[in-house]
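Data block below; observations after.
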Amino acid sequence: MNQTVTSEQGRNLFAPLSEDEKNNEFIAVESKTYLQDAWAHFRKNKLALISLYFLLFMLLLAIFVPIFSPYSYYEQDLTMTNVLPCAAHPLGTDKFGRDIFVRIMYGARISLAVGFAAAFINLFIGVIYGGVCGYFGGRLDMVLMRFADIIYSIPSMLYVIMVMLVFGSNIFSVLLAISVSGWIGMARQVRTQVLSLKEREYAQAARVMGAGHWRILFQHLISNSIGPILVNMTLMVPEAIFTEAFLAFVGIGISIPQSSWGSMANEARSLLQSHPIQMLWPVLAISLTMLSLNFIGDGLNEALDPRKR
Amino acid sequence: MNTADVILKVEDLKTYFYAGGGLFSQKKVIKAVDGVSLEIFRGETLGLVGESGCGKSTLGRTIVKLYEPAGGKIYFDGQDVTALQGPKLKQFRKDVQMIFQDPYASLDPRMTIGEILKEPMTIHELYQNDAQREQRAVELLRIVGLKPDHIRRYPHEFSGGQRQRISIARTLALDPKFIICDEPISALDVSIQAQIINLLKQIQEESGLSYLFVAHDLSMVKHISNRIAVMYLGHIMEIGDSHELYLHPMHPYSIALLSAVPIPDPVEGKQKHPEPIAGELPSPLNPPMGCPFSTRCPYADDRCKREMPALKEKNGRMIACFRVE
């Protein structure tokens with residue numbers, strides 16, 4: 001059936017645009033960057049938010065308590081050994097009369113420093129290594145990833161003990177020991193991300209417009225993998241903290257009299273039956289820190305990946 | 001037209017992909033583009049049509065050097081660009097641009113529109129400072145019908161049609177001589193499709209650049225193209241003036257393809273008994289011997305199944321079929 005439209009009807013059908021219709025390219029929504037958007041989502045996760053505040057609080061205490069406290073982490077007071085928590089010593093004293101609160105906070109400095117430094121070293125190596133493997137692919141990728149597999153196949157404790165034997169017990173050899181194989185997880189993750197992102201049309205568009213390899217890799221591919229990279233990094237921090245604590249516990253980490261949560265737990269072991277509370281503090285510090293870091297990691301994972309919301 | 005007006009010439013171009021090839025299985029060759037020759041003139045639009053999987057996008061991507069050709073030559077502006085490297089490749093990249101199919105995937109989600117538009121200018125060091133680049137970016141936005149304040153926005157804040165206009169603006173940033181449009185409208189609404197096509201036409205009228213317009217929507221292709229090339233399983237079957245080819249297709253595949261175009265009038269549609277193509281596109285892993293269309297062609301005979309017909313001129317058109325010889 002054919003419908004004829006009269007000119008009168010036609011005029012009604014084609015009305016001129018009103019003023020606001022002419023403005024239809026206007027975008028009403030407030031512009032948000034990726035990280036602003038992620039932060040808005042992260043804030044909704046109460047557990048992660050509390051964890052973040054807890055960690056920041058720990059950080060402040062770790063920085064300022066050893067500075068302003070009347071006690072130091074190494075001074076012994078043999079008249080005040082094994083004191084229970086009181087006004088002068090909020091967490092009590094250990095078997096040499098050292099203030100446990102100050103030692104815990106001094107240990108927090110070492111633990112957090114080791115944790116974050118290890119995460120940054122691994123981030124640096126892992127992102128570049130994985131990015132190069134994923135982007136260039138082919139034989140280079142084969143060789144580099146098999147090399148990483150070989151490093152990964154040797155138990156990390158072996159590296160740790162070897163590094164400690166060669167470089168002695170200090171914070172740098174702990175970091176070195178953790179970093180020997182710690183970057184591999186990050187490298188694998190970045191490689192997978194880059195492998196899939198490089199097939200995206202915006203990466204190809206960058207190639208067509210003449211962008212160089214490094215520009216495509218860093219400007220387009222790695223900046224778009226920032227979510228998984230950040231999550232991986234947050235989960236690497238507790239791993240490093242735990243390794244440091246373990247090394248200190250078995251006695252090959254930080255050298256005495258420096259305090260670390262692991263070495264404090266080791267010292268408290270001999271008093272476990274008479275003064276069990278001395279064991280509680282380092283253990284609590286380790287578990288709460290690791291727990292909050294894991295919650296932050298989960299929260300970030302959710303906030304940075306739209307599919308997980 | 002004489003040869004000086006040819007901006008792009010492709011000779012016997014082949015693009016192969018390799019699949020499989022494990023310990024016990026042999027590597028299989030996918031001949032996505034298998035011996036394509038064509039010419040595109042200055043200021044012209046060549047439409048490239050064909051079913052999904054016929055290799056039309058691969059052909060476009062090989063021409064912009066996203067894929068390495070397995071054989072054949074590409075000439076751009078009279079120069080052999082098949083194996084360009086270094087600064088010469090960069091110059092070629094400035095002259096030849098590509099608009100991608102999916103406007104949701106072709107803009108980097110972490111960059112603002114301003115950064116996206118300025119990136120090609122930064123790569124080719126086009127202006128003296130960032131302020132001038134920004135000014136040019138604003139001008140580009142105006143050309144494609146967007147607002148200057150959109151420069152601070154991110155791609156996800158725009159609709160599909162707006163994004164496609166942004167990616168057109170990005171390709172224009174380099175003042176290219178030749179743009180490959182890889183199904184730029186297939187991801188968009190019909191009303192928006194017309195907008196984009198008209199924008200592309202208007203840009204062509206103003207700057208005289210040439211397009212290779214890849215699409216599977218025949219009616220839109222006819223609207224924008226001067227000539228149309230029909231592709232099937234890695235081969236060009238027919239090339240001709242777009243109106244002529246649309247009204248009187250000569251190759252059996254072109255006839256079948258055009259009969260599949262829906263007619264927006266039920267009465268006329270019923271009268272024009274459509275001849276649907278029987279069967280499916282053969283796997284490019286295992287293409288038929290002889291003419292690739294012989295498995296589905298209603299006129300195929302023994303000769304078609306033995307040898308591949310060459311692309312030959314007939315009444316001002318190029319056709320690869322024994323029937324029209």
Side-chain angles (χ1 to χ4, degrees), chain A residues 1-4 17 20-38 137-139 142 193-194 196-230 304-307 309, chain B residues 61 63-67 87 89-113 115-116 119-124 141 144-147 149-150 152-159 161-162 165 167 170-171 173-174 176 179-180 182 265-267:
Chain A
M1 273 211 308
N2 271 342
Q3 270 192 340
T4 46
L17 282 176
D20 30 304
E21 275 172 316
K22 280 181 189 162
N23 217 5
N24 64 359
E25 303 289 352
F26 176 72
I27 304 172
V29 197
E30 189 198 338
S31 183
K32 266 187 189 170
T33 67
Y34 174 70
L35 289 178
Q36 284 169 338
D37 185 51
R139 199 156 291 164
M142 243 291 275
Q193 281 289 322
V194 168
S196 78
L197 289 180
K198 76 173 178 184
E199 298 301 325
R200 293 278 176 91
E201 287 186 342
Y202 59 78
Q204 299 188 339
R207 255 182 87 190
V208 172
M209 71 175 82
H213 293 311
W214 297 108
R215 183 182 196 95
I216 297 174
L217 183 55
F218 286 98
Q219 175 89 51
H220 296 288
L221 302 180
I222 288 178
S223 71
N224 276 289
S225 326
I226 198 85
I229 289 175
L230 266 179
L304 293 172
D305 188 348
R307 283 167 303 178
R309 279 175 195 159
Chain B
R61 282 163 187 242
I63 293 172
V64 291
K65 299 182 68 61
L66 276 176
Y67 298 142
L89 178 64
K90 204 169 170 183
Q91 180 59 36
F92 172 77
R93 295 263 191 236
K94 183 176 174 297
D95 290 336
V96 178
Q97 282 294 306
M98 182 156 178
I99 299 168
F100 288 86
Q101 176 176 9
D102 185 355
Y104 293 88
S106 60
L107 304 174
D108 188 331
R110 296 275 189 280
M111 290 164 85
T112 63
I113 304 310
E115 285 163 358
I116 288 172
E119 190 183 15
M121 305 181 218
T122 315
I123 291 169
H124 291 275
L141 280 181
V144 299
L146 293 168
K147 288 176 177 295
D149 59 307
H150 287 162
R152 311 254 167 267
R153 299 271 175 180
Y154 285 86
H156 68 261
E157 299 172 56
F158 292 89
S159 69
Q162 286 174 320
R165 281 187 274 161
S167 62
R170 176 177 59 186
T171 60
L174 293 175
I179 297 181
I180 292 183
D182 186 9
D265 184 325
V267 182

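Every heavy atom of this structure was used, including side-chain atoms; hydrogens, water molecules and symmetry mates were not. Chain letters run A, B, ... following the sequence lines, proteins first and then strands; every chain starts at 1.
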So, does E115(B) use its side chain to make a donor-acceptor pair with the main chain of T112(B) at under 3.5 Å?
yes

Main chain of G145(B), side chain of R165(B): is a donor-acceptor contact present, judged purely on distance under 3.5 Å?
yes

Within the side chain of K90(B), is there an N or O that forms a donor-acceptor pair under 3.5 Å with the backbone of I123(B)?
yes

Between L174(B) and chain A, which part of the residue has a heavy atom less than 4.5 Å away: side chain, backbone, both or neither?
side chain

All heavy atoms of F100(B) vs all of S106(B), minimum pair found to be CB-CB, 3.8 Å

Heavy-atom pairs under 4.5 Å with chain A, option from H124(B), M98(B), R170(B), Q97(B) with the top count:
Q97(B)

With a 4.5 angstrom heavy-atom cut-off, which part of Q101(B) approaches chain A: side chain, backbone, both or neither?
both

Below 4.5 Å, heavy-atom pairs only: which of M209(A), R215(A), Q219(A), H220(A) has the largest tally toward chain B?
M209(A)

Selection from L89(B), L66(B), V64(B) maximising heavy-atom pairs under 4.5 Å formed with chain A
L66(B)

Is the backbone N or O of R207(A) less than 3.5 Å from a side-chain atom of R93(B), with the two atoms forming a donor-acceptor pair by type?
yes

